[in-house]
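Comments concern the structure below.
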Number of protein chains: 2
Amino acid sequence: MKPKITLKAIAKEFGVSISTVSKSLKNSNEISLEMRERIQAFANYYNYRPNSFAIKLRNQKTLVLGVVIPEITHHFFSKVISGVEQAANQRGYNVMVCLSNESHQKEMMNVAMLANGSVDGLLVSIANETQNKRDFKHFQELIDEEIPFVLFDRVEDTIACDKVVIDDVKGGYNATKYLIDTGAKRVGMLTTPDYVDVGYKRKVGYEKAIEEAGLPVDESLILKVNKEKDIAEQINSMIDREDHPDAIFAVNEIYAAIAIKTVQSRGMNVPNDIAVIGFTDGLVSQYASPSITTMEQHGFTMGMQAANMLVDRLESDVHAPYTTKVVSTSLKVRASTKKE
Amino acid sequence: MKPKITLKAIAKEFGVSISTVSKSLKNSNEISLEMRERIQAFANYYNYRPNSFAIKLRNQKTLVLGVVIPEITHHFFSKVISGVEQAANQRGYNVMVCLSNESHQKEMMNVAMLANGSVDGLLVSIANETQNKRDFKHFQELIDEEIPFVLFDRVEDTIACDKVVIDDVKGGYNATKYLIDTGAKRVGMLTTPDYVDVGYKRKVGYEKAIEEAGLPVDESLILKVNKEKDIAEQINSMIDREDHPDAIFAVNEIYAAIAIKTVQSRGMNVPNDIAVIGFTDGLVSQYASPSITTMEQHGFTMGMQAANMLVDRLESDVHAPYTTKVVSTSLKVRASTKKE
DNA sequence: AAAACCCACGAAAACGTTTTCGTGTTAATA
DNA sequence: TATTAACACGAAAACGTTTTCGTGGGTTTT
């Protein structure tokens, strides 16, 4: 990198002090108009830009927000990033993205790295492995060091901080209720292991809707998908029975899409034989055949909210009480479910 | 943020100089073992971490790579980010992501911002609008300031820098040739306006394959999709004719998916009546019905390559001659095309 | 006993800003 | 004419680190 021009160099050029140059460039009327104009013209010509490290060292602020997410290739998370980026930019901040790849180890490293002066605050969605191990000491360190952070989507209730969450219980409830309202009598569910917070909550909502409708909760219709094994095969075992469900609530769009393909491959029709509803409105839901009815998660909104909460705390009262914002889901009816 | 402990504070605590503390923490044998141990224990207890701004001010290095991409919600770009992130991390760098949202203005702002000391170098994929306007002066500024950068995927040949590209001409050629090899006689193409570099190149490959097969190039079968208008409608106008194509090469997976839905909605079968091949192996291609045959772009590989090129330049010879790496595509056969 | 050497540490510069507090000169006021 | 005010600028501290170059006191060598 070319050595950039500094105040010192300009000062030398004009035979004045550094302070004079600094003030001139800030257009301080402490300096004579003539001198100001000459220095400004010179600085402009040489494209002077203050050294950002020097500024940051002085201000102890980076104007950068750090984001740690489990996976960037999930449509939902990329939407969140977009939202974070937009809100951050509007408020004069930039965004640094780190990926945990669902690894506890990598999440800790990223958090530690970002907390170590790279950013003013962070936005984190917790990795599955971290939720499984229930090891949150890296967040405790943030609290000890008084570095503001907000948890979003995949949160942990016991951590004292700002949070932005989807109302997953309600989302699960509404999705299931919609299936029941459109005629389903036996609703199956494709979910994650219980340690995945959002999967668990959606299941709670699912069970609530089933019970409210006076239907029996059949544990054999709740499949906790093991991502390590063949997913289609696991789903197939639910469909390949006499008493297969007549509707399926999938906890994400991928499971929904695989379910649809599995149903179709067995010669059955979606939604007539088995209706399917997903979660997260990604590209797959839009372009699958049939297109998939789903619970929209509004990731973009969530990202904006989270970023704004963080900047609010950064710029106003750092010790304000913590709040939790709930972003509600909304039903997007498409072709994979029956009409009311 | 809690005021962090500094060398000065430790020095005061022990009644020694700052240099002694600094050296002790670096375990320099200039300092007596006893003093070293006492200081290290103290620093450790108070969780001392050097102030990163001070370090950066001193070293004039950030160990951060900036990335500017048009859209993060494109699966291809999120794959690239993953690759960049992994390669960067392996080599001790972090990644800062900025989105241009296909806007020329925002791209310029992001590049200027990142170049202004936030990062050691950048990775950019050019926004459509920039390609359309052909205004690349922000890159010229990077060159003038000698800030290393590498362009990837959406590049501009006239800019002097390192590049990583897909062999789009060959990809377009191979995709088209595969359609012809599996029996197509009239191959249509869904592409972008010509100013989108990658779309243009894929079209060149398409035409080459058509000509080589001794088929006529029918301009009316080449649809330059206007993203502002209803895409399905535009595609429909190509299918809704007596002499509709018997195969379609779509320049991305979204157009491919929409084409499939459009064909199906007209009561025709994919691939028997019209075969469809896409570009980019995203989730849509995997989960559409039928699943979509496509040219894999290997975004992850591309990201890793680009990041490594950048770090290589940063860490070794900054004035080495520029190179262009070509990442080849590969055909992923699925169900939207006929078998050979 | 003089010369050389080692040890353990400190002073200070450097990185580039911003900002407070002078200070010397000139012009306006009493 | 003496006092004050305005003006235009400079010195220096502060942000936190690293590193070079001393230096004083003690120990070992000839």
Side-chain angles (χ1 to χ4, degrees), chain A residues 1-40 42-44 46-64 115-120 145 147, chain B residues 1-40 42-44 46-64 115-120 145 147:
Chain A
M1 206 175 340
K2 203 161 148 185
K4 296 228 248 171
I5 192 160
T6 67
L7 292 185
K8 193 196 276 185
I10 301 179
K12 199 172 175 186
E13 183 72 24
F14 284 85
V16 298
S17 77
I18 294 180
S19 354
T20 304
V21 177
S22 177
K23 287 171 191 164
S24 295
L25 294 179
K26 307 226 127 199
N27 213 21
S28 156
N29 56 4
E30 238 182 289
I31 307 297
S32 71
L33 190 59
E34 193 214 331
M35 173 109 297
R36 259 186 278 168
E37 284 175 345
R38 283 171 57 209
I39 289 181
Q40 285 172 13
F42 184 88
N44 204 45
Y46 283 101
N47 205 8
Y48 170 79
R49 296 274 175 276
N51 179 300
S52 70
F53 310 133
I55 306 271
K56 287 171 182 173
L57 175 58
R58 182 153 224 287
N59 301 340
Q60 299 293 347
K61 282 199 182 161
T62 64
L63 294 181
V64 176
N116 200 28
S118 298
V119 300
D120 292 341
E145 295 191 33
I147 298 173
Chain B
M1 205 177 336
K2 203 162 149 185
K4 296 227 248 171
I5 193 162
T6 68
L7 291 185
K8 194 197 276 186
I10 301 179
K12 198 171 176 186
E13 183 72 23
F14 284 84
V16 297
S17 77
I18 294 180
S19 355
T20 302
V21 178
S22 176
K23 287 170 191 164
S24 295
L25 295 179
K26 307 225 130 207
N27 213 21
S28 156
N29 56 3
E30 239 183 287
I31 307 298
S32 69
L33 190 59
E34 193 214 333
M35 174 111 297
R36 260 186 277 167
E37 283 174 344
R38 282 172 58 209
I39 289 182
Q40 286 171 13
F42 184 88
N44 203 45
Y46 283 100
N47 205 9
Y48 169 80
R49 297 272 174 276
N51 180 301
S52 70
F53 311 133
I55 305 273
K56 287 172 182 173
L57 175 58
R58 181 152 226 286
N59 301 339
Q60 299 292 345
K61 282 199 182 160
T62 64
L63 294 181
V64 176
N116 201 28
S118 298
V119 300
D120 292 342
E145 295 191 33
I147 297 174

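Numbers restart at 1 for each chain; the letters A, B, ... are given by sequence-line order, proteins then strands. These numbers come from the heavy atoms of this one structure, side chains and all, not from hydrogens, waters or symmetry mates. Computed from a prediction, not measured in an experiment: that's the story for all the values here.
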Residues in residues 49-58 of chain A with a heavy atom under 4.0 Å of DNA chain C, by number, are A:R49, A:P50, A:N51, A:A54, A:I55, A:R58
*NA contact type, A:T6, heavy-atom cut-off 4.0 Å: base, sugar-phosphate, or nothing?*
sugar-phosphate
Go through the steps to decide whether A:K4 and B:N116 satisfy the test side-chain contact (heavy atoms from CB on, under 4.5 Å), and finish with yes or no.
-> CA-CA 10 Å; A:K4 296 228 248 171; B:N116 201 28; 3.2 Å; yes
Report task. Answer yes or no: is there a side-chain heavy-atom contact under 4.5 Å between A:I55 and B:F53? Result -> no
Without swapping roles, check the side chain of B:N59 against the backbone of B:K61 for a donor-acceptor pair under 3.5 Å.
no
- Heavy atoms under 4.0 Å, any strand shown: does B:S32 hit a base, just sugar-phosphate, or nothing? sugar-phosphate
Contacts of B:R38 meeting salt bridge (Lys or Arg N to Asp or Glu O under 4.0 Å) (sequence neighbours excluded), chain-then-number -> B:E34
With a 4.5 Å limit on heavy-atom distance, are the side chains of B:V21 and B:F14 in contact? no
query: Any luck finding a side-chain donor-acceptor pair between A:K56 and B:N51 under 3.5 Å?
result: no
note: A:E34, atom CD; D:dC7, atom P; distance rounded to Å ~ 16 Å
Outer limits of DNA chain C sitting under 4.0 Å from a non-hydrogen atom of chain B, read 5' to 3', are C:dA8 to C:dG16
Note: for A:S22 and B:R36 on DNA chain C, the residue whose nearest nucleotide lies more 5' is B:R36
Would you mind reporting whether A:N47 and A:I5 have side-chain heavy atoms less than 4.5 Å apart? no
For this session: Show your working on side-chain contact (heavy atoms from CB on, under 4.5 Å) between A:I31 and A:I39 and close with a plain yes or no.
Result: CA-CA 11 Å; A:I31 307 297; A:I39 289 181; 5.8 Å; no
Within residues 7-15 of chain A, the residues having a heavy atom closer than 4.0 Å to DNA chain C are A:L7, A:K8
Quick note, side-chain hydrogen bond (donor to acceptor under 3.5 Å, both in side chains) partners involving residues 5-15 of chain A, not counting sequence neighbours, are none
B:K23 meets the salt bridge (Lys or Arg N to Asp or Glu O under 4.0 Å) criterion, sequence neighbours left out, with B:E30
